[in-house]
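Report on the following structure.
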There are 2 protein chains.
Amino acid sequence: MIENLPPNTVERLSNYRRKLLSYPFQEKPFIHSHRLAHLLKINPAHVRRDLMLIGFTGDVHKGYEIEKLIIEIGKAIDCQHKRKVAFIGIGDLGRAVAEAFNHDDSKLEVAATFRLTAEPEIQFQNVHCYNVSKMKQIIRQKKIDLAVIALPNADVDEITKLIVDAGVKGILNFTSAHLKVPETVFVENYDMMSKLEKLSYFTNE
Amino acid sequence: MIENLPPNTVERLSNYRRKLLSYPFQEKPFIHSHRLAHLLKINPAHVRRDLMLIGFTGDVHKGYEIEKLIIEIGKAIDCQHKRKVAFIGIGDLGRAVAEAFNHDDSKLEVAATFRLTAEPEIQFQNVHCYNVSKMKQIIRQKKIDLAVIALPNADVDEITKLIVDAGVKGILNFTSAHLKVPETVFVENYDMMSKLEKLSYFTNE
DNA sequence: AACTATCTGTTAACTAATTCACAATAAATT
DNA sequence: AATTTATTGTGAATTAGTTAACAGATAGTT
Ligand SMILES: NC(=O)c1ccc[n+]([C@@H]2O[C@H](COP(=O)([O-])OP(=O)(O)OC[C@H]3O[C@@H](n4cnc5c(N)ncnc54)[C@H](O)[C@@H]3O)[C@@H](O)[C@H]2O)c1
Ligand SMILES: NC(=O)c1ccc[n+]([C@@H]2O[C@H](COP(=O)([O-])OP(=O)(O)OC[C@H]3O[C@@H](n4cnc5c(N)ncnc54)[C@H](O)[C@@H]3O)[C@@H](O)[C@H]2O)c1
């Protein structure tokens, strides 16, 4: 892992990789910065700068060798070991996001999912869906360190406390509640309504 | 609407409003910048600056009057008329996002949803779910100008072309495909995998 | 009435992110 | 061999976003 990459660069590197994985690099093994930039609707200088930051160099004429680039992005942003993710709340949203993991061969792995006490335990996409009462124990046991929260706002505070106690270090939060966590825990909030309201503002001719 | 607000400010204003709507302002009608900032985990100067940009002033001692602030945020970022949103793809993800509208009284309204030819038309949360073959016609007819795309990557290019032709001006894109649209169309991409990989990077002790 | 404490509004400083612009390079073409 | 063309790598410039700092205001306190 390469230290001190800017957050936006990390996010873009992840995007480059996903884009390149679905690119026909068997036939076309090289790609130019402007081509990749175009696919992602960003500036070519941006691509070159990001790759510079991870020390990946291309050929002045052929461009970047895709297969090698995919590997180097991995070295730059992935952890050595698999990282385990817990999903808390497996409603419509949780299901949709958890499913997205199937199409992806990253270092991230859905290690457990949880839902309400009242509902029976099930097998969800080869992963067990536990009763939330077992959450703390399971997270500890399995050494899970990332969590996706997709449950009704009401329970969020309590749940957050539990999972942070159990050792979770990063949370992707889909509720509109803002989480109370210690400094050391990294939270990424995502609220679709604010994205839509932003769209609405910027498209008002 | 107040012109030329920075994108991040628009997004934060939307967040302030949602947070304030769930705040007990009947009992506590005023709020200080640092309190609101704390609830959203941001810097108090940020709150003050954003409110300055929309020309909203508070009381030096009491703080900001919440009910008025909610209204002024509306004046700053909402359009006069209701904006109609179409959902294209009503799988797990589409359903989850569309449902989120129920809990929200913004100027945005789900006007139609669409899904594949093979599936029957249904009523989804008081909104009709049409066959995608009627999409262009319906979007034109209902003057829909925002769209949320949550369908398999395969069909995205074709669908994008159709909806842009039909008059859509802003798209919230959940697929990992990057959309080909004219300059005038505002696209907001969201890819959860890259957010998770970012989490993973920044929590690797 | 003077003093203290606190909070807003705003400027200025700072930091991060993006884009420009061009030297260096080398393939392709004349 | 000289010229043209295209592309990388990168310093510098630019732009956007965030935070610090503080004057001015005023309620509360001594
Ligand atoms: N960020 C966004 O823009 C966005 C979009 C859509 C939904 N959401 C939010 O995501 C959340 C989930 O949405 P959804 O449509 O999937 O809801 P849903 O009702 O379909 O599912 C909720 C799930 O959470 C589980 N759950 C409830 N309480 C729980 C608890 N205490 N512990 C563990 N599991 C619990 C339930 O078993 C259920 O599976 C809601 O808060 C919703 O507001 C956010
Ligand atoms: N951005 C993210 O991080 C993220 C997360 C989860 C899912 N996704 C993506 O969102 C998409 C949907 O995910 P999902 O779990 O809801 O899938 P899903 O299979 O549950 O639902 C897909 C829906 O799209 C509809 N559909 C398919 N082809 C269509 C077409 N040509 N026109 C109109 N409708 C069509 C189907 O009828 C179905 O309702 C997928 O592309 C998935 O990869 C993205």
Side-chain angles (χ1 to χ4, degrees), chain A residues 2-16 20 28-66 68-69 72-73 76-77 183 186-189 194 198 201-202, chain B residues 2-16 20 28-66 68-69 72-73 76-77 183 186-189 194 198 201-202:
Chain A
I2 297 172
E3 311 242 320
N4 298 116
L5 295 174
N8 290 10
T9 292
V10 173
E11 215 168 313
R12 277 193 301 270
L13 287 168
S14 164
N15 287 328
Y16 299 159
L20 292 173
K28 301 179 184 177
F30 289 83
I31 194 166
H32 290 299
S33 62
H34 60 85
R35 178 95 187 93
L36 183 53
H38 177 79
L39 292 172
L40 294 155
K41 284 203 194 316
I42 61 174
N43 190 296
H46 232 146
V47 171
R48 296 202 295 274
R49 174 158 292 275
D50 287 336
L51 300 193
M52 187 185 94
L53 289 173
I54 66 168
F56 188 79
T57 69
D59 180 290
V60 168
H61 279 90
K62 290 190 278 187
Y64 301 97
E65 190 174 346
I66 296 173
K68 279 195 186 145
L69 176 51
E72 289 307 310
I73 291 176
I77 68 173
E183 288 280 304
F186 191 98
V187 176
E188 179 94 15
N189 291 302
S194 68
K198 187 167 142 196
Y201 177 85
F202 285 103
Chain B
I2 295 172
E3 311 243 320
N4 297 115
L5 296 173
N8 288 10
T9 292
V10 173
E11 214 169 312
R12 277 193 301 270
L13 286 168
S14 165
N15 286 329
Y16 299 159
L20 292 172
K28 301 179 184 177
F30 289 83
I31 193 167
H32 291 299
S33 62
H34 60 83
R35 179 95 186 91
L36 183 53
H38 178 79
L39 292 173
L40 293 155
K41 284 201 193 319
I42 60 174
N43 190 296
H46 233 148
V47 171
R48 297 203 296 275
R49 166 159 284 280
D50 288 335
L51 300 193
M52 187 186 94
L53 289 174
I54 66 168
F56 188 81
T57 70
D59 180 289
V60 167
H61 278 90
K62 289 191 278 186
Y64 301 98
E65 191 174 347
I66 296 173
K68 280 195 185 145
L69 176 51
E72 289 307 310
I73 290 176
I77 67 171
E183 287 280 305
F186 191 98
V187 176
E188 180 94 14
N189 291 301
S194 67
K198 186 168 144 196
Y201 178 86
F202 285 103

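In the text below, chain A, chain B and the rest are named by the order of the sequence lines, each starting its count at 1.
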Tell me: CD of B:E11 to C1' of D:dT18, nearest whole Å?
-> 15 Å
Output the residues of residues 57-66 of chain B in contact with DNA chain D, where contact means a heavy atom of the residue under 4.0 Å from an atom of the strand; sort by number or write none.
-> B:V60, B:H61
Considering all heavy atoms, the nearest B:F202-A:L5 contact | CZ-O, 3.7 Å
Under 4.0 Å between a side-chain N/O of B:N8 and OP1 or OP2 of D:dA16, yes or no?
-> no
What is the distance, rounded to the nearest whole Å, between atom NZ of A:K198 and atom C1' of D:dA16?
-> 13 Å
Would you indicate, yes or no, if C:dT19 has its OP1 or OP2 atom less than 4.0 angstrom from a side-chain nitrogen or oxygen of A:R48?
-> no
Close residues, residues 35-47 of chain A, relative to DNA chain D [heavy-atom separation under 4.0 Å] | none
May I ask you to evaluate whether A:H32 reaches the phosphate of D:dA6, defined as a side-chain N or O under 4.0 Å from OP1 or OP2?
-> no
Look at atom NZ of A:K41 and say whether more than 12 heavy atoms of other residues, nucleotides or ligands are closer to it than 6.0 Å.
-> yes
Residues B:Y16, B:L69; criterion side-chain contact (heavy atoms from CB on, under 4.5 Å); working and verdict | CA-CA 9 Å; B:Y16 299 159; B:L69 176 51; 5.7 Å; no
Closest approach of A:S33 to A:R48 (non-hydrogen atoms, all atoms of both residues) | OG-NH1, 3.2 Å
Between P of D:dT8 and CD1 of A:I54, the distance in whole Å | 15 Å
Polar pair under 3.5 Å, donor/acceptor by atom type, side chain B:R49, base D:dT19 = yes
Spacing of B:R12 atom CZ relative to D:dA16 atom P, expressed in whole Å = 14 Å
Taking all non-hydrogen atoms of both residues, which atom of A:F56 and which atom of A:E72 are closest, and how far apart?
-> CD1-CG, 3.4 Å
Specify the separation, in whole Å, of atom CG of B:L69 and atom P of C:dT8.
-> 12 Å
How close or far is atom P of D:dT10 from atom CG of A:L53, stated in whole angstroms?
-> 10 Å
Could you state the NE2-C1' distance from B:H34 to D:dA21, rounded to the nearest angstrom?
-> 17 Å
List the steps, then state whether side-chain contact (heavy atoms from CB on, under 4.5 Å) holds for A:N8 with A:R12.
-> CA-CA 6 Å; A:N8 290 10; A:R12 277 193 301 270; 3.8 Å; yes
List the steps, then state whether side-chain contact (heavy atoms from CB on, under 4.5 Å) holds for B:L20 with B:L36.
-> CA-CA 8 Å; B:L20 292 172; B:L36 183 53; 4.1 Å; yes
Within 6.0 angstrom of B:K68 NZ, more than 12 heavy atoms from elsewhere = no
Heavy atoms under 4.0 Å, any strand shown: does A:S33 hit a base, just sugar-phosphate, or nothing?
-> sugar-phosphate
Are there more than 12 heavy atoms of other residues, nucleotides or ligands under 6.0 Å from atom NE2 of B:H34?
-> yes
Rounded distance [0.5 Å steps], CG in A:N189 versus CG in B:N15 | 8.0 Å
Any donor-acceptor N/O pair, A:Y201 side chain to B:I2 backbone, under 3.5 Å | yes
In whole angstroms, the gap separating C1' of C:dT6 from CD1 of B:I31 amounts to 16 Å
Inter-residue atom distance A:T9.OG1 - A:I77.CD1, 0.5 Å rounding | 10.5 Å
Nucleotide N/O of nucleotides 13-16 of chain C paired with protein N/O under 3.5 Å:
none

